2 protein chains.
Amino acid sequence: MVSKTCEYAIRAMLFIAQKSKSDIKVGVKHIAKAIDSPEPFIAKILQELSRKGLLQSAKGPTGGFFLDNAGLKQNLADIVVAVDGDKLFTGCGLGLKSCSEKKPCPIHDEFVAVRRQIKTMMKSATLDDYNTSLELGEKYLKR
Amino acid sequence: MVSKTCEYAIRAMLFIAQKSKSDIKVGVKHIAKAIDSPEPFIAKILQELSRKGLLQSAKGPTGGFFLDNAGLKQNLADIVVAVDGDKLFTGCGLGLKSCSEKKPCPIHDEFVAVRRQIKTMMKSATLDDYNTSLELGEKYLKR
DNA sequence: GAAATAAAAGAGTAAAAACTCTTTTATTTT
DNA sequence: AAAATAAAAGAGTTTTTACTCTTTTATTTC
Ligand code: FES
Ligand code: FES
């Protein structure tokens with residue numbers, strides 16, 4: 001569905017969003033533990049996202065990664081596009097070079113519906129919106 | 001969504017299904033051209049599927065790949081599971097080690113619905129069912 | 001200002017996915 | 001029987017994805 005890199009990215013962003021609500025910056029070691037990912041790998045991923053402006057970072061003691069108010073308004077689709085590109089939202093389900101009504105693959109109609117549902121899922125909530133259920137312990141970022 | 005290998009496999013199976021309706025066995029060269037795939041690669045894939053019993057093959061002149069009546073009754077999900085395993089139908093959307101109600105990830109509920117829709121899409125039609133729209137030129141296996 | 005902390009940057013490695021090549025075996029046609 | 005055809009098998013290569021390590025730079029605390 002999405003790359004492993006992207007899965008880590010989303011989980012990390014959701015975790016950072018939680019902490020950012022209380023204005024806490026969080027280090028890469030802490031993040032890696034919270035989402036169960038390889039520490040240097042999630043570091044790389046977040047540096048890339050930071051360069052792209054999806055989150056902020058600060059060096060030195062008390063430093064770490066955090067989200068500003070604009071950042072907290074992002075949705076999961078924003079992260080997916082930044083990491084994997086938009087093929088999940090526009091590509092053909094059977095791998096034709098492009099998806100279009102003109103020369104549709106056998107599952108085109110149904111696949112368009114699936115894609116729309118995925119898009120809705122990933123656009124209907126901001127990172128911020130996930131905070132309460134995470135805080136209440138109803139939802140988890142690792143297992 | 002599914003691996004490239006799996007996309008080739010599905011397109012090839014749909015093409016072979018078409019030919020098998022008229023009892024024609026089709027060679028790997030012909031298949032590769034029809035679905036626009038690397039010839040030795042689709043050969044490997046089909047050999048694997050043949051070993052698993054998803055389609056039949058015959059060596060020598062007039063030989064090639066073909067589907068028997070049982071084979072024509074298969075659906076796309078059968079192919080996906082044979083090639084990629086069942087993680088598309090059972091795995092967590094955010095990459096948690098397993099998906100379950102007990103410790104659900106933040107998008108669990110919505111993702112379960114997506115998975116169900118994908119499953120429906122891939123189980124509601126047999127290979128045979130795709131034949132007419134392909135023959136009529138309403139749907140395509142390459143572009 | 002020195003020591004400690006934490007991200008940035010960049011090079012490097014490992015594993016998996018995608019793809020190729022060569023040889024062998026089975027079948028059919030002549 | 002010989003020649004031709006086509007899949008089977010297996011080893012090998014390339015590319016991409018996943019992941020690691022080391023050094024540098026910025027910031028803060030003492
Ligand atoms: S052409 Fe395949 S999904 Fe649209
Ligand atoms: S736990 Fe993530 S989809 Fe079910």
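The sequence lines fix the lettering, A, B, ..., with proteins before strands; numbering per chain opens at 1. Keep in mind that what you see is a predicted model, and the values were worked out from it rather than measured.
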Separation of [X] atom [atom1] from [N] atom [atom2], in whole Å?
X	N	atom1	atom2	result
B/Phe65	D/dA7	CZ	C1'	6 Å
B/Glu48	D/dA7	CD	C1'	15 Å
B/Ile31	D/dA7	CD1	C1'	11 Å
A/His30	C/dA7	NE2	P	12 Å
A/Leu49	C/dA8	CG	P	11 Å
B/Ile35	C/dA18	CD1	C1'	14 Å
B/Ile45	D/dA8	CD1	C1'	15 Å
A/Glu7	D/dT17	CD	P	14 Å

Requested in this report: Just call it for B/Val83: base, sugar-phosphate, or nothing, with non-hydrogen atoms closer than 4.0 Å on any strand.
Outcome: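 Nothing, no heavy atom under 4.0 Å.
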**Report entry** A/Thr126 and A/Asn75: side chain donor to acceptor below 3.5 Å
**Finding:**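 No pair is found: no donor N or O on one side chain lies under 3.5 Å from an acceptor on the other.
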Query raised in the report: So, B/Arg11 side chain and B/Ile35 main chain: donor-acceptor pair closer than 3.5 Å or not?
Result: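 Such a contact is found between B/Arg11 side chain and B/Ile35 backbone.
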Salt bridge flag under 4.0 Å for residues [X] and [Y]:
X	Y	value
A/Lys21	A/Asp128	yes
B/Lys97	A/Asp36	yes
A/Glu48	A/Lys44	no

Query raised in the report: Can you hop from A/Ile10 to A/Phe89 via hydrophobic side chains spaced under 4.5 Å?
Result: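 Yes, because A/Ile10 and A/Phe89 connect within a single hydrophobic cluster, where side-chain heavy atoms sit under 4.5 Å apart.
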Query raised in the report: Reckon A/Gln47 has a side-chain N or O less than 4.0 Å from the OP1 or OP2 of C/dA8?
Result: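 For C/dA8, OP1/OP2 do have a side-chain N/O of A/Gln47 under 4.0 Å.
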Report task. Give a yes/no on whether any side-chain N or O of B/Ser57 is located under 4.0 angstrom from OP1 or OP2 of D/dA6. Result ->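 No, B/Ser57 has no side-chain N/O under 4.0 Å of OP1/OP2 on D/dA6.
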Report summary line: Expected string for nucleotides 18-30 of chain D under the B/S/- scheme (protein heavy atoms, under 4.0 Å, primed atoms plus P, OP1, OP2 as sugar-phosphate) is SBB----BBBBS-
Requested in this report: Not counting sequence neighbours, which residues clear side chain to side chain donor-acceptor pair (under 3.5 Å) with A/Asp109? List them please.
Outcome: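 Here no residue qualifies.
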